[in-house]
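Okay, structure first, notes after.
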Amino acid sequence: MKLITLLMILLITSSYAQESVEIEKRQMLLKNFPCMNCHANIKNSKANMPLSEPHQSTLFKHMDEITHCYSCHDEKDRNLLLLANGEKISFDESYRLCFQCHGEKKRDWELGIHGKQVGSWSGKKYKYVCTSCHEAHHPAFRLMEADPGPRHPRNEGENQEPSSAANSGARH
Amino acid sequence: MSQENNQRSNKRMDHLIEKSMGVEVKRRSFLKTIFAAAAATVVPVKSVQAFSFEKFFQKHYKEMTEEQKKKVFARIKQETKEKFGIDVNVSDPAPIAGVKFAYCLNLSTCNGSRKCVTACAEENNIPPEIGSYIRVLEMPIGSMNPEKGSLFYKGESVPKDGKYYLPVQCNHCDNPPCTKVCPVEATWKEKDGIVVVDYDWCIGCRYCQAACPYEARHFNFQEPKVDVSKMNTQQSYLSNRIRPKGVMEKCTFCLQRSRNGQYPACLEACPTGARKFGNILDPESEVSQIFKSKRVFVLKEELNTMPQFFYYFD
């Protein structure tokens, strides 16, 4: 009997141990990584926008009056990011950089409330980091194109709002 | 003597038919058509009858044994194969003990992109006449009145200024008005909180559609037209199997996914992470954390339906 309870406890603890959250790894998803492939030979410490190739499309719009490239990127080792306290972190931990200011989002993200989580509600979860949804250099969400809505009963086939006011009462 | 009688009666018959149909009819051709018509009506009935007989005497889903369920799943599998020429896997995961599902939706982050709407339709094999179980309302900021919302907004660039987006689907109420009105008990609330419909038991009276204050129930007016190439073959008896004509259907929190530990399809499709799903009885789950730290509300609280679909702003 004791053995069975012991086994049960073991089973339960092991099932809880399985319940873990895997945080998305961003570094391998970066297009031009490792940065030092090029930046080892380029000694340019100026931070003028717009940037030259291949970063010409980077639009920087995040407190751009008080922050610049080297607020977040390490000037010497471009493969790393720089925290305000001087600690250098990899791109996989980029969320720590964001959470220096966004404390409220940090709390919610750690609880799993803010941000996207996929996988299993009961088991292994896969958690997205800040920059998988928010562009790192333009964190505000851009406008999106929406998928088609329901068919209007009077405008068959067209996803269009009719001129009359009674448009929300359509039943399907 | 008898021959003469026969002939006379035949002539009388011909006369009657000619009179009623206005055409000259030979007895032989008349009999031919009769036999042909009889054959035409009998033959297809016979081939279908083997299945519909079984379906006709099928028990209520809650009274079925595991054996009977297996037989029903096999029948549905074969019917789908005959109709669409595609092999599907029909099962029905049971509610998990100690689990009650709840859904939370962050209206501050929802941007009205309707990705959930599309994902729902694909996951649940929803015909285009119904569209999706999720309807996104474009609401003017400052109003909580769903009547002020627009369902048919154009979506070239969302979110629009001065609008917020309110996705509405089945609220899986703890006090569901829809199940109470069903005259045949074809819809009920399961132990894990999911309100389901037995499509084989539903008589299509649409009382539940009228009773639902969230317009979350949808009726199959016609034989569902499902794109076979996009059909989800992982099907469940109570959720996303192909529905027949003349029955109700609704959101089931994707029970074919959620009861196997996955998130519903709408959650995984959301580009903003506004949707949160989980076990309300687990204090560590996302939904429980939201109840602890956010101010949640439900739609039409005054109706005392006790929805299990919560909204919040943050």
Side-chain angles (χ1 to χ4, degrees), chain A residues 12 15-16 18-21 24 104-105 107-130 132-134 140-172, chain B residues 96 99 101 104 106 109 111-118 128-132 135-137 146-160 209 215 218-219 258 260-264 267-268 270-279 282 284-287 289-290 292-294 314:
Chain A
I12 289 165
S15 71
Y16 271 104
Q18 273 176 7
E19 193 179 312
S20 58
V21 180
E24 191 192 17
E104 198 190 335
K105 297 296 172 219
R107 182 197 66 199
D108 284 356
W109 183 80
E110 281 170 354
L111 290 173
I113 303 175
H114 182 88
K116 192 172 171 177
Q117 266 184 182
V118 297
S120 167
W121 57 267
S122 58
K124 185 129 178 133
K125 292 181 177 72
Y126 185 77
K127 192 183 249 186
Y128 288 87
V129 296
C130 314
S132 41
C133 303
H134 301 275
F141 253 78
R142 308 240 186 170
L143 296 182
M144 277 178 89
E145 195 186 335
D147 282 359
R151 280 187 202 168
H152 193 277
R154 264 175 290 153
N155 285 4
E156 199 57 50
E158 264 182 79
N159 171 27
Q160 243 180 41
E161 199 167 338
S163 49
S164 80
N167 54 37
S168 63
R171 280 170 184 266
H172 287 270
Chain B
I96 307 162
V99 171
F101 290 124
C104 292
N106 187 350
T109 53
N111 65 356
S113 63
R114 289 201 189 111
K115 303 291 174 206
C116 51
V117 173
T118 314
E129 302 87 63
I130 287 172
S132 177
R135 297 167 316 130
V136 185
L137 286 163
E147 285 177 23
K148 293 252 161 50
S150 152
L151 203 60
F152 304 98
Y153 66 89
K154 284 184 201 167
E156 288 104 24
S157 62
V158 288
K160 287 177 209 155
Q209 188 175 26
E215 294 188 11
H218 307 267
F219 188 66
S258 56
N260 290 325
Q262 287 174 287
Y263 284 116
L267 186 148
E268 299 225 332
C270 180
T272 64
R275 291 170 167 269
K276 295 289 162 198
F277 175 81
N279 179 9
D282 172 10
E284 299 302 314
S285 69
E286 292 114 289
V287 281
Q289 298 290 0
I290 288 167
K292 279 180 212 161
S293 57
K294 308 285 176 195
D314 72 351

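The analysis underlying the following values was restricted to heavy atoms, covering all of them including side chains, and did not include hydrogens, waters or symmetry mates.
Options B/G273, B/G261, B/S157 differ in how many heavy-atom pairs under 4.5 Å they form with chain A, and the most are formed by B/G261. For the set B/N106, B/V99, B/V117, B/I96, the count of heavy-atom pairs under 4.5 angstrom toward chain A peaks at B/V99. Looking only at heavy-atom pairs under 4.5 Å with chain A, the residue among B/A274, B/P128, B/S132 that has the most is B/P128. Chain B forms the most heavy-atom pairs under 4.5 Å with one residue out of A/K116, A/M144, A/E145, A/H114, and that residue is A/M144.
Looking only at distances, a side-chain donor or acceptor of B/E268 sits under 3.5 Å from a matching main-chain atom of A/G119.
Residues A/D147 and B/K115 are in side-chain contact: their nearest non-hydrogen atoms beyond the backbone lie under 4.5 Å apart. Residues B/L151 and A/P150 have side chains in contact (heavy-atom distance under 4.5 Å, counting atoms from C-beta outward). Side-chain contact between A/E104 and B/D314 is absent, with no heavy atoms from C-beta onward closer than 4.5 Å.
Looking at B/C104, there are no atoms closer than 4.5 Å to chain A (heavy atoms on both sides), in backbone or side chain. In this structure, no portion of A/Y128 lies under 4.5 Å from any heavy atom of chain B. Only the side chain of B/K294 comes within less than 4.5 Å of a heavy atom in chain A; its backbone stays farther off.
Heavy-atom minimum distance, A/G115 versus B/K276: O-NZ, 2.5 Å. Closest non-hydrogen pair, A/K125 versus B/Y263, comes out as CE-OH, 3.1 Å. When all heavy atoms of B/F152 and A/R151 are compared, the pair lying nearest together is CE2-O, 3.5 Å. Minimum interatomic distance between B/P271 and A/C133 (heavy atoms only, all atoms of both residues): O-SG, 4.2 Å.
The OG atom of B/S293 sits 3.5 Å away from atom CD1 of A/I113, with the distance rounded to the nearest 0.5 Å. Here the straight-line distance linking atom OG of B/S285 with atom CH2 of A/W121 works out to 9.0 Å at 0.5 Å rounding. Between atom CG of residue A/D108 and atom CD of residue B/Q289 there is a gap of 9.5 Å, rounded to the nearest 0.5 Å.
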